[in-house]
Amino acid sequence: MKYLFGIFCLIFLACNTTKTVVKPKDNTNEIKGYKKYNPQTGQYEWVSEDPKGQVDTTKVHTNPKDVPIKKTENTPKGINRAIKVALILPFYADQNKDGEAFFSKSSWATNFYGGVKLALDSLIQKGISVDIRVFDDKASETELNKILLYEDVKNADLIIGPAGKSNLKLAANFAKSRGIPLVSPYNPSDDITSNNPNFIQINPSLKSHCEAIAKDIFEHTKSPNITIISRNKSTETGTYDYFISNLNNLFANINIHKITIDEETNGLSKTDLEVCFLPNRQNVIIIPSWSNEAFVAALLQKIENSKKGNTVSVYGMPQWIGFELLNSELLAKLNTKISSSNPLDLHSENTKQFKQLFYNKYSGLATDEAVVGYDITYIMINMLKKYGKEFPLQLGEKKLKGYTSYYDFKKISNNTIENNSLQGIQRIENKSIKILEFKDGGFRE
């Protein structure tokens with residue numbers, strides 16, 4: 001963790017007023033004009049006029065059709081000055097002191113900022129100037145309200161952060177009122193803000209994960225027998241409608257079973273899973289449970305004990321990739337898959353390059369947060385440079401390349417037809433989700 005503290009010290013020598021300005025280097029060998037004798041000074045001086053003579057401002061058009069017609073289209077204008085960015089994250093600067101253990105809650109924001117710094121290095125190589133201010137909201141609404149009073153935040157071209165839900169809601173409403181695009185780098189909630197086309201959500205919502213799982217089931221099964229199993233928790237049973245509506249849109253005349261298990265009454269041991277298995281059918285079980293590792297491990301074992309020779313495919317949630325109680329052999333036997341929005345493609349050459357780049361700068365291992373920090377900064381500032389603060393209008397038209405993978409932005413709207421304006425747009429959401437299958441000892445594409 002030494003490298004994290006090193007990054008941290010670089011950031012917070014002056015907390016909440018940290019300013020990093022990156023500008024393209026001047027090319028001192030570039031010819032900027034020519035020398036002309038000035039009779040008043042008696043010296044040759046650099047001038048910027050064209051040495052070849054005056055420009056002919058009169059042009060004769062022999063054919064009226066050749067005369068160019070000026071278009072009045074409202075074309076987005078780019079930014080030709082230093083782009084102003086406010087980065088607001090929970091660094092918990094006051095919890096870190098020299099000689100003491102690094103505060104664990106600081107790790108996410110610190111790693112993220114490490115990726116941001118690498119992106120700034122790449123941007124300067126492209127000749128793009130960035131004026132970035134870094135603020136520590138300490139996951140406190142009181143602290144955030146102070147930060148939102150800074151002129152550097154009020155006049156920002158882009159706000160990145162915060163991470164926590166309550167602070168994100170405050171910042172989103174602030175940015176909406178001032179017409180500032182805001183990027184949410186972490187929170188997947190789909191109820192942060194409404195009618196806010198300048199709100200860009202990087203972490204896909206739970207609805208999007210359910211949609212991706214349903215699509216994968218459709219692509220890999222022809223006659224499925226589908227069962228959804230969850231604990232009796234509203235956060236989990238609330239996914240039933242998401243899955244069912246998506247599956248019904250994809251399949252014709254499909255039956256979907258629902259099994260809800262009450263943990264308080266030792267419901268797992270009493271649950272009969274016979275309905276999950278039908279002969280000569282492709283049995284699929286969806287488990288939308290992500291916060292209780294022990295429950296997931298026990299349920300998977302019960303599925304294995306109940307299948308009696310029938311084949312089955314189990315779909316789980318992104319958090320399973322970090323669960324330590326899940327048996328690898330069992331995951332393989334159950335043909336387990338999970339949805340994932342992790343942009344770090346562990347097996348790509350670009351990932352190896354990014355890890356090396358990160359290590360060279362910080363002498364530490366790159367994390368998921370670091371690559372997201374890089375991608376957000378690099379993609380959004382390039383969009384600002386090209387289109388200005390109206391750049392959210394351009395999102396949703398194509399996938400945008402990050403360092404190791406793609407971001408697929410969509411306009412989330414109440415309208416049934418997506419149009420090229422931002423009217424009726426609730427938010428912009430990254431819907432790039434991969435389905436990972438457990439094989440060769442890990443979850444892989």
Between Lys333 and Glu329, does at least one N-O distance fall below 4.0 Å, as a salt bridge requires?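 Result for this pair is yes, salt bridge flagged.
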
Evaluate the criterion ring pair (Phe, Tyr, Trp, His ring centres under 6.0 Å) for residue pair Trp320 and Phe443; output intermediate values, then yes/no. CA-CA 9 Å; Trp320 290 19; Phe443 286 104; 7.5 Å; no

Only one of Ile259, Thr227, Ile338, Leu300 forms a side-chain contact (heavy atoms from CB on, under 4.5 Å) with Ile287, so which one is it?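 The passing option is Leu300.
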
Atom pair OG (Ser289) and NZ (Lys233), whose distance is rounded to the nearest 0.5 Å: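 So the gap between those two atoms works out to 10.0 Å.
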
Can you tell me how far the CD atom of Glu141 sits from the NZ atom of Lys169, to the nearest 0.5 Å?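 Going from the CD atom of Glu141 to the NZ atom of Lys169 covers 10.0 Å.
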
Is it the case that Tyr403 and Ser122 place a side-chain donor and acceptor less than 3.5 Å from each other?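 Side-chain D/A pair, Tyr403 to Ser122: absent.
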
Using only heavy-atom distances, determine whether the side chains of Gln301 and Asn305 contain a donor-acceptor pair under 3.5 Å.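 Result is yes, a qualifying pair exists.
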
Got a donor-acceptor contact below 3.5 angstrom from the [X] side chain to the [Y] backbone?
| X | Y | value |
| --- | --- | --- |
| Arg281 | Pro224 | yes |
| Gln282 | Lys222 | yes |
| Asn196 | Arg427 | no |

Closest approach of [X] and [Y], non-hydrogen atoms and distance?
| X | Y | value |
| --- | --- | --- |
| Pro204 | Ser341 | CD-CB, 3.4 Å |
| Glu445 | Leu436 | CG-CD2, 3.5 Å |
| Gly316 | Ile213 | O-CD1, 3.8 Å |

Apply the test side-chain hydrogen bond (donor to acceptor under 3.5 Å, both in side chains) to residues Gln356 and Asn360: give CA-CA distance (whole Å), side-chain angles for both, the deciding distance (0.1 Å), then the verdict. CA-CA 6 Å; Gln356 188 62 53; Asn360 291 345; 2.8 Å; yes

On the 0 to 90° scale, with breaks at 30° and 60°, tag the Tyr150-Phe135 ring pair as parallel, tilted or perpendicular.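 If you compare the ring of Tyr150 with that of Phe135, the planes turn out tilted.
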
